[in-house]
Number of protein chains: 2
Amino acid sequence: MAAQKSAQSPQRSLRRNAPDAARRSERSRRAIYDAALALVSEVGYPRTTIEGIAARAGVGKQTIYRWWPSKADVLLEAFLDLSDQASELVAGPGGERQDDIPDTGDLAADLKLVLRATVDELLNPKFEAPWRALAAEGLVNEQIGTEFVAKLLEPSLQLYVRRLRAAQEQGAVRPGVDPRIALELFVAPLAQRWLQRTGPLSYEYTDTLVDYALHGIAPR
Amino acid sequence: MAAQKSAQSPQRSLRRNAPDAARRSERSRRAIYDAALALVSEVGYPRTTIEGIAARAGVGKQTIYRWWPSKADVLLEAFLDLSDQASELVAGPGGERQDDIPDTGDLAADLKLVLRATVDELLNPKFEAPWRALAAEGLVNEQIGTEFVAKLLEPSLQLYVRRLRAAQEQGAVRPGVDPRIALELFVAPLAQRWLQRTGPLSYEYTDTLVDYALHGIAPR
DNA sequence: ACCGTCAGGCGAGACGCCGCGTCTTGTCAA
DNA sequence: TTGACAAGACGCGGCGTCTCGCCTGACGGT
């Protein structure tokens with residue numbers, strides 16, 4: 001027995017029968033992502049099946065079950081991958097990520113700009129179906145919900161937190177205000193309107209949200 | 001062709017083979033509601049099956065398929081029924097519904113009070129599972145989503161709209177403000193925090209939302 | 001640097017199970 | 001008398017597990 005300090009097999013003990021990631025087929029992984037995203041968009045999340053994904057990807061079912069515990073996890077990873085690709089396009093291949101909201105000194109204008117970009121993203125048909133599916137799954141499945149929020153939403157929200165803190169130092173936001181709660185005033189209504197289809201997403205709408213959130217609805 | 005305006009059978013033409021509602025068993029209907037709500041709470045929405053509801057309710061599967069098109073519709077109706085019962089308890093059996101937010105002249109206080117009541121309702125364990133399930137289904141299923149919003153959410157939102165309009169007439173809200181959007185400033189963040197489990201629901205939190213929404217986060 | 005070996009990931013698909021939605025039967029109440 | 005009812009059989013399709021050869025990539029000996 002060679003120099004393994006523990007157990008008979010190399011890093012098998014993490015989960016039962018953990019597969020060897022070094023020998024994993026990159027080709028299959030990508031095909032599965034593509035098939036999952038395509039199927040969710042084409043036939044909807046509930047009618048997307050693991051059998052269907054496997055067939056579409058030209059992959060054995062076992063290959064999916066080997067690497068993911070559920071179809072929700074497959075879709076979550078596929079969507080994360082899609083988002084990464086998309087944001088790599090925006091930033092250069094050099095790597096500098098879009099990791100801050102611009103600070104022109106005009107908070108209202110900066111927020112409106114970012115929210116307009118968010119609207120554009122939400123209206124991108126490639127994102128809609130998987131995004132809705134994951135949001136829905138997250139409501140009912142705590143594990144997916146937590147991961148969805150942490151990996152997909154939280155990074156964007158942190159951008160707002162930083163921008164609002166900067167505004168606070170500049171005196172553009174009241175000192176006592178909690179940025180974490182403040183950002184919800186414009187983000188949550190937008191998200192809700194989109195998810196619940198209670199109205200059209202327009203620049204006018206998001207601009208209004210920013211104005212209300214900054215100055216309140218009471219007379220000044 | 002045979003100008004029957006009313007066809008051969010009484011109100012059969014609405015859908016194919018529409019059943020006779022007059023002969024419907026009230027007993028089965030109630031049992032199905034109870035079983036559906038109980039199962040969703042006990043085993044979760046995805047593992048709640050029509051077979052399971054039928055068995056639990058002591059009812060034939062056909063009785064469910066006769067009256068509802070899908071398990072989501074069953075649950076929606078069951079939950080509407082539950083809500084009606086609950087709000088009948090609050091109002092007297094005489095019938096006067098709680099159909100307005102109190103107007104003490106102090107808008108902030110009135111809103112805080114109602115939001116605190118909403119928090120209590122959201123934390124009621126009897127409501128949580130079915131509410132989440134329906135919200136999730138509504139994200140992915142447009143028909144359910146529309147009905148969910150219209151029958152469950154919209155009535156409550158109208159209460160806010162009315163109260164905000166009254167406030168507007170009293171000069172407590174700026175004239176140009178759209179009440180429909182204004183109410184989202186405090187309702188949407190609360191809903192989102194609850195649904196996404198991104199933080200605890202406390203009176204302190206909802207009070208803060210009202211303050212931010214009324215006065216904004218910018219210096220006055 | 002090369003090449004042989006072999007563990008294990010791979011595509012394919014069979015398996016038993018279960019819930020789906022439909023259909024059939026006999027019972028019972030309006 | 002009619003039609004909703006409880007019970008449950010039916011074929012179907014997706015589930016998650018399994019078995020089969022094939023092929024690949026990591027590793028060791030020369």
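Hydrogens, waters and symmetry mates play no part in the numbers below; they use all other heavy atoms, side chains included. So that the names make sense, note that chain A is the first sequence line, chain B the second, and so on, each numbered from 1.
With no hydrogens or angles considered, a side-chain donor-acceptor pair links B/Glu137 and B/Tyr45 at under 3.5 Å.
Comparing the local axis fitted to the first five base pairs of the helix from C/dA1-D/dT30 to C/dA30-D/dT1 with the one fitted to its last five gives a bend of 30°, rounded to 10°.
With D/dC15, C/dA30, D/dT24 as the candidates, the nucleotide lying closest to the side chain of A/Glu51 is D/dC15.
Atom CH2 in A/Trp68 sits roughly 14 Å away from atom P in C/dG9 (whole-Å rounding). Atom-to-atom, CD of A/Glu26 to P of D/dG25 comes out at 12 Å; the value is rounded to the nearest Å. In this structure, B/Arg56 atom CZ and D/dA6 atom P are separated by 17 Å, rounded to whole Å. Remark: P of C/dG19 and CD1 of B/Ile64 are 13 Å apart, rounded to the nearest angstrom. With rounding to whole Å, A/Arg29 atom CZ is found 16 Å from C/dG9 atom P. The separation between B/Ile32 atom CD1 and D/dA4 atom C1' is 12 Å, rounded to whole Å. Computed from coordinates, the B/Asp20 CG to D/dC5 C1' distance equals 13 Å when rounded to whole Å. As rounded to whole Å, 13 Å separates atom C1' of C/dC20 from atom CD1 of B/Ile53.
Judged by a 6.0 Å distance limit and a 45° cone about the ring axis, B/Arg29 is not positioned over the six-membered ring of B/Trp67. Cation-pi geometry between A/Lys151 and A/Phe79 is not met: the NZ or CZ atom fails to fall both under 6.0 Å from the ring centre and inside 45° of the normal.
For the atom pair A/Thr63 OG1 and A/Ile53 CD1, the distance stands at 13.0 Å (nearest 0.5 Å).
The side chain to side chain donor-acceptor pair (under 3.5 Å) test applied to A/Arg23 returns no partner, not counting sequence neighbours.
Residue A/Ser28 has a polar side-chain atom (N or O) positioned under 4.0 Å from OP1 or OP2 of C/dG11. Of the side-chain N and O atoms in A/Ser25, none sit less than 4.0 angstrom from OP1 or OP2 of C/dG9. Remark: A/Trp67 is in phosphate contact with C/dC10, judged by side-chain N or O atoms under 4.0 Å from OP1 or OP2.
Contact of B/Lys61 with D/dG8 (side chain to base): no donor-acceptor pair of N or O atoms is detected under 3.5 Å.
Of the two residues near DNA chain D, B/Gln62 and B/Arg23, the one whose nearest nucleotide lies more 5' is B/Arg23. When each of B/Tyr65 and A/Arg66 is assigned the nucleotide of DNA chain C with its nearest heavy atom, A/Arg66 is the one assigned upstream, toward the 5' end.
A salt bridge links A/Lys112 to A/Asp211: at least one charged side-chain nitrogen sits closer than 4.0 Å to a carboxylate oxygen. The pair B/Asp207-B/Arg116 meets the salt-bridge criterion, with a side-chain N (NZ, NE, NH1 or NH2) lying under 4.0 Å from an Asp/Glu carboxylate O.
Residue B/Gly52 is out of contact with every strand shown, counting any heavy-atom pair closer than 4.0 Å. Among the heavy atoms of the strands, none lies under 4.0 Å from B/Ala22.
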